[in-house]
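All remarks here apply to the structure that follows.
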There are 2 protein chains.
Amino acid sequence: MRRRPVARPAAGAGMEELLTPGLDRVQHSDMDQMNPTFDAPAAAPTAMKAYSSADAIACLRSAGVPVTHQRIEIARVLFSAPVHLSADQIWASVREHSPDVSRATVYNTLRLFSEKHLVRELFVDPQRIVYDSTTSPHFHLYNMDTGEVRDLADDELRILGTPRLPEGTVLQEIDVIVRVRNRHD
Amino acid sequence: MRRRPVARPAAGAGMEELLTPGLDRVQHSDMDQMNPTFDAPAAAPTAMKAYSSADAIACLRSAGVPVTHQRIEIARVLFSAPVHLSADQIWASVREHSPDVSRATVYNTLRLFSEKHLVRELFVDPQRIVYDSTTSPHFHLYNMDTGEVRDLADDELRILGTPRLPEGTVLQEIDVIVRVRNRHD
DNA sequence: ATGTCTGCAAAGGCTTTGCATCCGT
DNA sequence: ACGGATGCAAAGCCTTTGCAGACAT
């Protein structure tokens with residue numbers, strides 16, 4: 001098998017925010033099932049500003065992830081700033097400071113992180129997963145030519161409405177990807 | 001190389017509709033850069049209702065795709081009804097009627113079809129591309145447990161706003177994927 | 001001391017490519 | 001005859017897995 005069966009753990013609380021990042025001032029339209037408004041998106045339990053190893057350790061601990069040297073290095077790459085990186089890019093970054101980290105460990109750790117909601121997996125291109133270190137609800141802009149991923153500001157794009165979910169299913173998340181290309185190709 | 005460099009041909013006309021499928025009655029909110037309204041989404045040049053080989057041939061011709069036996073079979077699988085199928089599923093369907101079609105031909109043809117905008121590629125899961133035979137602008141609902149893809153009705157979810165595109169880039173499309181899971185796992 | 005994590009290499013799945021062959025025009 | 005499409009198999013890429021050894025608590 002190439003990848004775990006298409007299934008990831010439930011996001012638990014904080015799901016509804018995904019529907020309306022920054023919907024605060026949008027007027028209700030003719031759509032009856034408007035979503036409630038949220039002021040402060042319930043971001044991940046911990047993240048960002050983990051420049052130091054101490055921060056990274058705290059971040060991992062509070063997510064219930066056993067702390068190891070490699071995980072600290074990976075966390076520092078991810079959480080020192082908001083980034084969008086592929087697994088191999090992360091591996092390369094980690095290797096700059098710790099050449100002793102294997103690719104398999106990076107891949108396994110990234111999957112663990114995403115299960116613990118420390119990062120978000122973006123399926124922006126079928127051939128590689130992009131890891132987003134920002135876990136609060138937001139949308140994305142993807143440059144198909146450069147492969148670059150950028151977060152969209154809350155006020156750039158909003159979603160309106162509540163889709164009718166099939167019976168027996170629960171909302172997991174909503175992905176919005178704005179794809180752009182370079183002009184004149 | 002595993003896949004063509006991340007780039008597909010420009011969609012050309014009909015791009016803007018992607019922003020607002022069914023936005024007809026949405027009131028303008030505080031967002032200054034609202035999108036204009038479109039009544040009839042400019043669907044693909046041809047598609048659907050291609051039950052007969054004759055229909056499939058007409059469909060291919062008007063898309064500028066040279067007609068071959070295999071392409072007719074693939075078109076019939078795709079355009080007899082709105083479907084969401086992986087390349088291998090399409091290959092299997094084609095083989096039921098024409099066991100003489102190779103997997104490589106199906107993969108190559110599907111890429112050709114998507115370049116000609118006869119089908120749309122959905123990156124719903126990083127491990128396989130799902131081909132959507134409906135090319136008019138619409139959003140998707142994805143069951144992460146079953147792998148099932150469903151179209152969202154226009155009135156179920158709407159997008160509001162125009163993202164600020166990076167300089168030198170052109171909007172290509174907007175993907176919205178609502179991910180659900182089966183209850184109680 | 002025990003359980004877990006790591007590293008390495010090999011497997012695995014989906015997709016693409018190369019090349020000879022076959023077909024339509 | 002010629003250009004292009006097909007088939008087959010092999011290559012390729014990203015990701016996962018298995019297992020022995022190392023580590024933390």
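In what follows, chains are A, B, ... by sequence order, proteins preceding strands, each numbered from 1.
- There is no side-chain donor-acceptor pair under 3.5 Å between B:Asp175 and B:His140.
- Atom CD in A:Gln89 sits roughly 13 Å away from atom C1' in D:dC14 (whole-Å rounding).
- Following rounding to the nearest Å, B:Trp91 (CH2) and C:dT16 (P) show an atom-to-atom distance of 15 Å.
- With sequence neighbours left out, the salt bridge (charged side-chain N to carboxylate O under 4.0 Å, His left out) criterion links B:Asp132 to no other residue.
- Every residue meeting the side chain to side chain donor-acceptor pair (under 3.5 Å) condition with B:Thr105, not counting sequence neighbours, appears here in chain and number order: B:Ser102.
- Rounded to whole Å, atom P of C:dT16 lies 11 Å from atom CG of A:Asp125.
- Residues that satisfy the salt bridge (charged side-chain N to carboxylate O under 4.0 Å, His left out) test with B:Arg103, not counting sequence neighbours, are B:Asp88.
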All N/O pairs under 3.5 Å across the protein-nucleotides 6-9 of chain C interface:
| residue | atom | partner | partner atom | Å |
| --- | --- | --- | --- | --- |
| C:dT6 | OP1 | A:Thr68 | OG1 | 2.8 |
| C:dT6 | O3' | A:Gln70 | NE2 | 2.6 |
| C:dG7 | OP1 | A:Gln70 | NE2 | 3.2 |
| C:dG7 | OP1 | A:Asp100 | O | 2.1 |
| C:dG7 | OP2 | A:Ser102 | N | 3.0 |
| C:dG7 | OP2 | A:Ser102 | OG | 3.4 |
| C:dG7 | OP2 | A:Thr105 | OG1 | 2.5 |

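- Remark: P of C:dC14 and CZ of B:Phe123 are 16 Å apart, rounded to the nearest angstrom.
- Protein atom CG of A:Leu60 is 13 Å distant from nucleotide atom P of D:dT25, rounded to whole Å.
- Applying the side chain to side chain donor-acceptor pair (under 3.5 Å) criterion to A:Gln89, with sequence neighbours excluded, gives A:Ser86.
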Please list each protein N or O that sits under 3.5 Å from an N or O in nucleotides 20-24 of chain D, with the distance.
none

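- One interatomic measurement links the two molecules: CG of A:Leu112 to C1' of D:dT17, which rounds to 16 Å at whole-angstrom precision.
- Residues forming a side chain to side chain contact (heavy atoms under 4.5 Å, CB included) with A:Ala153 (at least two apart in sequence, or on another chain): A:Asp155, A:Glu156, B:Arg164.
- Following rounding to the nearest Å, A:Ile74 (CD1) and C:dC5 (C1') show an atom-to-atom distance of 11 Å.
- Scanning for side chain to side chain contact (heavy atoms under 4.5 Å, CB included) contacts around B:Val67 gives B:Ile57, B:Leu60, B:Arg61, B:Ile72, with sequence neighbours left out.
- Note: the hydrophobic cluster containing B:Val65 also contains B:Ile74 (ILVMFWY, side chain heavy atoms under 4.5 Å, direct or indirect links).
- Taking side-chain N and O atoms only, A:Arg111 has a distance below 4.0 Å to OP1 or OP2 of D:dT17.
- Going from atom CD1 of B:Ile90 over to atom P of C:dT15 covers 10 Å, rounded to whole Å.
- Every residue was checked against the side chain to side chain donor-acceptor pair (under 3.5 Å) condition with B:Asp100, not counting sequence neighbours, and none meets it.
- Under the rule for a side chain to side chain contact (heavy atoms under 4.5 Å, CB included), the partners of A:Pro66 that lie at least two apart in sequence or sit in another chain are A:Arg71.
- Remark: A:Tyr107 is in phosphate contact with D:dT15, judged by side-chain N or O atoms under 4.0 Å from OP1 or OP2.
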Output a table of nitrogen or oxygen pairs between the protein and nucleotides 23-25 of chain C separated by less than 3.5 Å.
none

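- Taken from CZ in B:Arg181 to OH in B:Tyr142, the straight-line distance is 11.0 Å, to the nearest 0.5 Å.
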